Participant: 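Structure incoming, see below.
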Amino acid sequence: MQKSAMFAATLLASTALVHAQDLTELEAAAKKEGMLTTIALPHSWCGYGDVIAGFKAKYPEIEVNELNPDAGSADELEAVRANKGNTGPQAPDVLDVGLSFGPQAKDEGLLQPYKVSTWDEIPDTIKDADGYWYGDYYGVMSFMINKDLIDTNPEDWSDLLNSDYAGSVALAGDPRASNQAILSVLAAGMAEGGAAGKDAGEKGLEFFKKMNEAGNFVPVIGKAGTLAQGATPITIMWDYNALAARDTLNGNPPVDVVVPKSGVLAGVYVQGISAHAPHPNAAKLWMEYLYSDEGQNLWLKGYCHPARFNAMSKAGKVPQELLDALPPAEAYEKAYFPTLDEQAGNKDAVVGGWDSVVGSNVQ
């Protein structure tokens, strides 16, 4: 490689902002690296199977190395911490974590800044001004229900305490590490009258304590397979995960997805690039793909509302068939988007108090 080309590649790897006219150079640098290492991206989550396939098809020169698809947000940060200085296949290049984990990762120096070319269409309220993390998609908390085993659907959080649901209710993650599970407790606490944040987190813990004492709570991480097997007939998870699981199970067993009447919680996830990414240019190219029209619509196909949804919808860039496949709009009318401070207060309460208050080892 000529010195000028080497200098350009080095500059590209260190810059925080790549403009559209530089994307050709970014592609070349990413292809030279030849690999992208992701973590915590189940193919059924938010349509990630199609997203990864789309990236591979567009950039066949870049191998996608997928680490631990079922990891939680806390596990992702730990993977970055544990692999500082490691340029091997166990070091993640990119992260997809719950909103509250973005600032934490930035504060710890685990992320590097990067602003995609569609940066201006990501709402300011869900992105770090300096480009360390940025919202990617959101959904609402829901109940995924195995209709072969559950005759009457629970319509609200309080229903989950009914004796009809003995040994039936599970979370879709460990509430000491999984953002999805941590926010499930927040939603339950809000339904119990708690103010979003520490108050709802504490009330949510009390709610799950009651559910556990009643024998309704199952300490198993719920997913499509455990629901189908009957181990977790009612699983609390993001609507997009539940809807994708419903499609995957394809009637065996039949599945209902219910958005509760109260405690309707919306959750935003965020992207970021590891400060220690072995393949920083591939990571940036991955972000460009995710925030392109193609990437955003693939997330929508996976039942997630992407960060650029409003701007793309206004510009006529969202296919009607994707809009028609979403649940009725009225289910989302009461959705509450907790602030970063509220999420942080809830997270501290839930992670710090789960063992002492609920005392159920979810695994």
Side-chain angles (χ1 to χ4, degrees), residues 38-55 69 71-73 76 94-103 105 114-116 118-128 131-142 172-173 178-184 187 237-245 247 257 259 264-273 286-315 317-319 322-323 325-327 329 331-332 335-340 343:
T38 65
I39 185 172
L41 301 183
H43 285 204
S44 60
W45 178 292
C46 209
Y48 261 119
D50 286 344
V51 173
I52 293 169
F55 183 81
S73 296
E76 296 183 62
V94 291
L95 303 178
D96 181 337
V97 296
L99 179 62
S100 63
F101 287 87
Y114 180 73
K115 294 182 179 181
V116 292
T118 54
W119 179 258
D120 290 345
E121 292 188 359
I122 303 172
D124 291 342
T125 53
I126 57 169
K127 66 186 180 187
D128 174 64
Y132 283 88
W133 53 265
Y134 18 93
D136 43 19
Y137 51 79
Y138 71 89
V140 298
M141 204 60 69
S142 69
S178 161
N179 184 68
Q180 184 172 204
I182 291 167
L183 289 178
S184 297
M237 61 170 56
W238 295 120
D239 59 338
Y240 48 82
N241 289 336
L243 292 163
D247 291 352
V257 178
V259 175
V264 183
L265 182 78
V268 177
Y269 278 71
V270 300
Q271 292 286 329
I273 298 175
W286 169 250
M287 294 304 173
E288 290 291 347
Y289 181 74
L290 293 181
Y291 289 88
S292 68
D293 293 351
E294 180 180 344
Q296 297 278 288
N297 276 326
L298 284 173
W299 271 335
L300 190 62
K301 183 181 176 184
Y303 301 117
C304 295
H305 286 72
R308 294 178 53 226
F309 178 81
N310 289 340
M312 287 177 60
S313 180
K314 185 177 180 180
K317 295 180 177 180
V318 180
L322 295 185
L323 296 173
L326 295 169
Y332 297 81
Y336 181 80
F337 288 80
T339 66
L340 277 170
Q343 288 202 43

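Worth saying up front: this structure is predicted, and the values here are computed from it rather than measured.
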Participant: Give me the one residue out of Trp45, Trp133, Tyr138 that meets ring-ring contact (aromatic ring centres under 6.0 Å, His included) with Tyr269.
Facilitator: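 Single ring-ring contact (aromatic ring centres under 6.0 Å, His included) partner of Tyr269 among Trp45, Trp133, Tyr138: Trp45.
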Participant: Is the closest side-chain heavy-atom distance between Tyr289 and Ile52 below 4.5 Å?
Facilitator: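 Result no, sub-4.5 Å side-chain heavy-atom pair not found.
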Participant: What distance separates His305 NE2 from Cys46 SG, expressed to the nearest 0.5 Å?
Facilitator: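 If we round to the nearest 0.5 Å, His305:NE2 and Cys46:SG are 11.0 Å apart.
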Participant: Is any side-chain heavy atom of Leu41 closer than 4.5 Å to a side-chain heavy atom of Asp96?
Facilitator: yes
Participant: Would a 4.5 Å heavy-atom cut-off, applied to side chains only, mark Leu183 and Leu265 as touching?
Facilitator: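 With C-beta onward as the side chain, the pair touches.
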Participant: From Trp299 CH2 over to Leu322 CG, what is the distance, rounded to the nearest 0.5 angstrom?
Facilitator: 14.5 Å
Participant: Any side-chain to backbone donor/acceptor pair from Ser73 onto Gly98? Under 3.5 Å, distance only.
Facilitator: yes
Participant: Would you say Tyr137 and Trp238 are linked by a side-chain donor-acceptor pair, where the criterion is simply a distance under 3.5 Å?
Facilitator: no
Participant: Run the numbers on Ile126 and Phe337 for side-chain contact (heavy atoms from CB on, under 4.5 Å), then give the verdict.
Facilitator: CA-CA 10 Å; Ile126 57 169; Phe337 288 80; over 6 Å; no
Participant: What are the two closest heavy atoms between Val94 and Ile39, and how far apart are they?
Facilitator: O-CG2, 3.7 Å
Participant: Under 3.5 Å, is there a donor-acceptor pair between the side chain of Ser142 and the main chain of Met237?
Facilitator: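 Side chain of Ser142 to backbone of Met237, a donor-acceptor pair under 3.5 Å: yes, one is there.
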Participant: Say whether, by atom type as modelled, one donor and one acceptor occur between the side chain of Asp239 and the main chain of Gly139 under 3.5 angstrom.
Facilitator: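 Flag not set: sc Asp239 to bb Gly139 has no pair under 3.5 Å.
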Participant: Nearest heavy-atom pair of Val116 and Glu288: which atoms, and what distance?
Facilitator: CA-OE2, 3.4 Å
Participant: With rounding to the nearest 0.5 angstrom, report the CG to CG distance, Leu243 to Leu326.
Facilitator: 8.5 Å
Participant: With respect to Tyr291, which candidate in Lys115, Gln271, Glu121 satisfies the side chain to side chain contact (heavy atoms under 4.5 Å, CB included) definition?
Facilitator: Gln271
Participant: Looking only at heavy atoms, which two atoms of Leu340 and Ser100 are closest? And how far apart?
Facilitator: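 Looks like CD2-CA, 4.1 Å.
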Participant: Is there a side-chain contact between Thr125 and Thr339, using heavy atoms and a 4.5 Å cut-off?
Facilitator: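 Contact flag for Thr125/Thr339 side chains = no.
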Participant: Output, in order, the C-alpha distance, side-chain angles, deciding distance and verdict of side-chain contact (heavy atoms from CB on, under 4.5 Å) for Phe55 and Glu294.
Facilitator: CA-CA 10 Å; Phe55 183 81; Glu294 180 180 344; over 6 Å; no
Participant: If only atom types and distance count, is the side chain of Glu76 paired as donor or acceptor with the main-chain N or O of Ala71 below 3.5 Å?
Facilitator: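 No; zero donor-acceptor contacts below 3.5 Å.
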Participant: For Asp136 and Leu290, run side-chain contact (heavy atoms from CB on, under 4.5 Å): C-alpha distance rounded to whole Å, both residues' side-chain angles, the deciding distance at 0.1 Å, then the answer.
Facilitator: CA-CA 8 Å; Asp136 43 19; Leu290 293 181; over 6 Å; no
Participant: Could you walk me through whether Lys317 and Gln296 pass side-chain contact (heavy atoms from CB on, under 4.5 Å), step by step?
Facilitator: CA-CA 10 Å; Lys317 295 180 177 180; Gln296 297 278 288; over 6 Å; no
Participant: Does any part of the side chain of Tyr114, heavy atoms only, come nearer than 4.5 Å to the side chain of Tyr132, both counted from C-beta?
Facilitator: no
Participant: For residues Val268 and Gly135, report the shortest heavy-atom separation together with the two atoms involved.
Facilitator: CG1-CA, 4.1 Å
Participant: Looking at every non-hydrogen atom in both residues, tell me the closest pair between Leu99 and Pro338 and how far apart they are.
Facilitator: CD2-O, 4.4 Å
Participant: Atom CG in Asp293, atom CZ in Arg308: separation rounded to 0.5 Å?
Facilitator: 4.5 Å
Participant: Decide if the gap between the ring center of Trp119 and the ring center of Tyr134 is smaller than 6.0 angstrom.
Facilitator: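 Yes, the ring centres sit under 6.0 Å apart.
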Participant: Which pair of heavy atoms, one from Ser178 and one from Ala172, lies closest together, and at what distance?
Facilitator: OG-O, 4.4 Å
Participant: Hey, are the side chains of Tyr48 and Thr38 touching, using non-hydrogen atoms and a 4.5 Å cut-off?
Facilitator: no
